[in-house]
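So the structure is just underneath, and the comments pick up after that.
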There are 2 protein chains.
Amino acid sequence: MSKPDDTNTLYFAFFNEVAIVSQLSGRLLESKLPEGFLVSHFAVLNHLVKLGDGRTPLAIARAFQVPKATMTHTLAGLADGGLVRLVPNPEDGRSKRVMLTDKGRRFRDQAIARLKPELERMAQHVDARAIAAALPLLAEMRSYLDAAREE
Amino acid sequence: MSKPDDTNTLYFAFFNEVAIVSQLSGRLLESKLPEGFLVSHFAVLNHLVKLGDGRTPLAIARAFQVPKATMTHTLAGLADGGLVRLVPNPEDGRSKRVMLTDKGRRFRDQAIARLKPELERMAQHVDARAIAAALPLLAEMRSYLDAAREE
DNA sequence: TCCATATGGTTCGATATGGAACTATATAGT
DNA sequence: ACTATATAGTTCCATATCGAACCATATGGA
């Protein structure tokens with residue numbers, strides 16, 4: 001039961017914190033990756049490991065809510081490094097499928113290994129249960145923003 | 001009491017959601033700003049309105065956790081648009097103070113006004129109380145990451 | 001007072017980002 | 001079959017980002 005202005009302030013504060021956490025966590029992760037690799041590279045590899053490869057560039061772009069031009073570039077970087085292979089999609093001549101290479105899997109595993117101590121330290125300061133509790137809200141907000149975007 | 005691997009997964013999921021919400025909210029805000037203005041511009045103006053102007057570029061950079069080179073550029077954009085003025089800092093010859101202009105205040109007010117309907121719709125789908133409940137966690141995570149960064 | 005070092009800010013350069021225009025293929029309607 | 005439209009992906013371009021090197025001023029010894 002707050003006044004509208006307070007509500008605005010609340011949402012602004014929320015988005016502000018989200019932006020800063022995103023900023024800082026990205027930098028932290030990047031500092032653990034080999035020179036020249038970005039969060040986006042890791043995120044895509046991780047996505048493919050977790051959900052399976054063979055997805056199309058567009059599907060991946062949508063999963064991360066980035067423009068497809070951005071994903072083209074990210075995938076090119078991964079392909080340059082031999083971490084994924086782009087193969088034609090037999091089911092659709094316009095499209096491609098993104099396949100993980102062994103090197104890509106190893107890269108992802110190594111990044112996680114290098115991050116592990118960091119996360120363990122983090123878990124001692126920021127309670128995992130609180131993280132778990134906040135996840136549904138973030139997912140809800142994501143899905144709302146995603147829907148709002150297309151209107 | 002979960003296994004370490006699950007904990008890793010949890011934190012990754014959290015940061016992933018945070019990154020996407022940051023991405024989407026930024027785009028949404030930007031779509032309400034005049035051509036050529038970015039979230040970073042709005043964020044700085046809002047910061048100055050809320051906490052008072054006269055701060056130094058470096059102080060603002062730290063508040064948003066961006067490199068100082070980035071803030072130099074953001075402030076240059078704002079100054080170009082006449083939304084802030086950069087004046088010498090009488091207390092420190094190396095430094096400057098960032099002053100809001102009337103135009104800057106109006107710009108910020110208008111952006112908020114244009115965003116208002118959006119936020120009201122949002123509040124009907126994503127409960128303000130959940131937002132309020134999640135804020136402390138985000139702040140805690142921010143502050144942890146911030147501290148971890150400097151080690 | 002001088003020097004060493006630290007700090008605020010800018011410049012430079014290399015790269016990521018994302019919108020718009022484009023190409024190629026697919027699908028739907030006639 | 002033919003045309004119109006939609007969709008996957010790339011290319012192009014303008015701009016944001018950020019690390020590193022740099023300049024100017026400040027501060028703290030000796």
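Since the structure is predicted, the reported quantities are computational estimates derived from the model, not experimental observations. Only this structure's heavy atoms are used, side chains among them; waters, hydrogens and symmetry mates stay out. Every chain is numbered from 1 and lettered A, B, ... according to where its sequence line falls, protein lines coming before strand lines.
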side-chain contact (heavy atoms from CB on, under 4.5 Å) partner of B/Leu45, chosen from B/Asp109, B/Ile112, B/Leu78: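 Option passing the side-chain contact (heavy atoms from CB on, under 4.5 Å) with B/Leu45: B/Leu78.
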
Separation of atom [atom1] in [X] from atom [atom2] in [N], rounded to whole Å:
| X | N | atom1 | atom2 | value |
| --- | --- | --- | --- | --- |
| B/Glu91 | D/dT25 | CD | P | 17 Å |
| B/Lys68 | D/dT17 | NZ | P | 18 Å |
| B/Leu75 | C/dG9 | CG | C1' | 10 Å |
| B/Leu24 | C/dG18 | CG | P | 11 Å |
| A/Asp80 | C/dA16 | CG | C1' | 14 Å |
| B/Leu58 | C/dT10 | CG | P | 11 Å |
| A/Ile60 | D/dA8 | CD1 | C1' | 13 Å |
| A/Lys96 | C/dA24 | NZ | P | 13 Å |

With a non-hydrogen cut-off below 4.0 angstrom, is [X] in contact with a base, only sugar-phosphate, or nothing?
| X | answer |
| --- | --- |
| B/Ser95 | sugar-phosphate |
| B/Glu30 | nothing |
| B/Asp92 | sugar-phosphate |

In terms of side-chain heavy atoms of [X], which of [options] is nearest?
| X | options | result |
| --- | --- | --- |
| A/Pro67 | D/dA8, D/dT10, C/dG19 | C/dG19 |
| B/Arg27 | C/dG19, D/dC18, D/dG9 | C/dG19 |
| A/Thr72 | C/dT7, D/dT11, D/dC18 | D/dT11 |

Q) Under 4.0 Å between a side-chain N/O of A/Thr70 and OP1 or OP2 of C/dT17, yes or no? A) no

* Tell me whether the OP1 or OP2 atom of C/dT17 has a side-chain N or O from B/Gln23 closer than 4.0 Å. =>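 Checking C/dT17 against B/Gln23, no side-chain N or O comes under 4.0 Å of OP1 or OP2.
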
If you pin A/Arg94 and A/Thr74 to their nearest nucleotides in DNA chain C, which one's is more 5'?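 The residue closer to the strand's 5' end, by nearest nucleotide, is A/Thr74.
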
> If you find the nucleotide of DNA chain C closest to A/Val66 and the one closest to B/Met71, which residue's nucleotide is nearer the 5' end?
Replying inline: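 Upstream on the strand: B/Met71.
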
Quick one: are the ring centres of B/His47 and B/Phe64 less than 6.0 Å apart?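 Yes, the ring of B/His47 comes within the 6.0 Å limit of the ring of B/Phe64, centre to centre.
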
Check your understanding: Salt-bridged, B/Arg27 to B/Glu30, with N to O below 4.0 Å?
Key ->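 Salt bridge flag = no for B/Glu30 with B/Arg27.
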
Assert: residue with more 5' nearest nucleotide on DNA chain D, out of A/Leu86 and B/Gly93, is A/Leu86

- A/Arg97 and A/Asn89: side chain donor to acceptor below 3.5 Å: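 Short answer, no.
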
Pairing check on D/dA30: which nucleotide meets the Watson-Crick or G-U wobble criteria with it, both distances under 3.5 Å?
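Looking at the geometry, D/dA30 pairs with C/dT1.
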
With no hydrogens and no angle check, is any side-chain donor or acceptor of B/Lys103 less than 3.5 Å from a backbone partner on B/Val84?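 Side chain of B/Lys103 to backbone of B/Val84, a donor-acceptor pair under 3.5 Å: no, none is there.
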
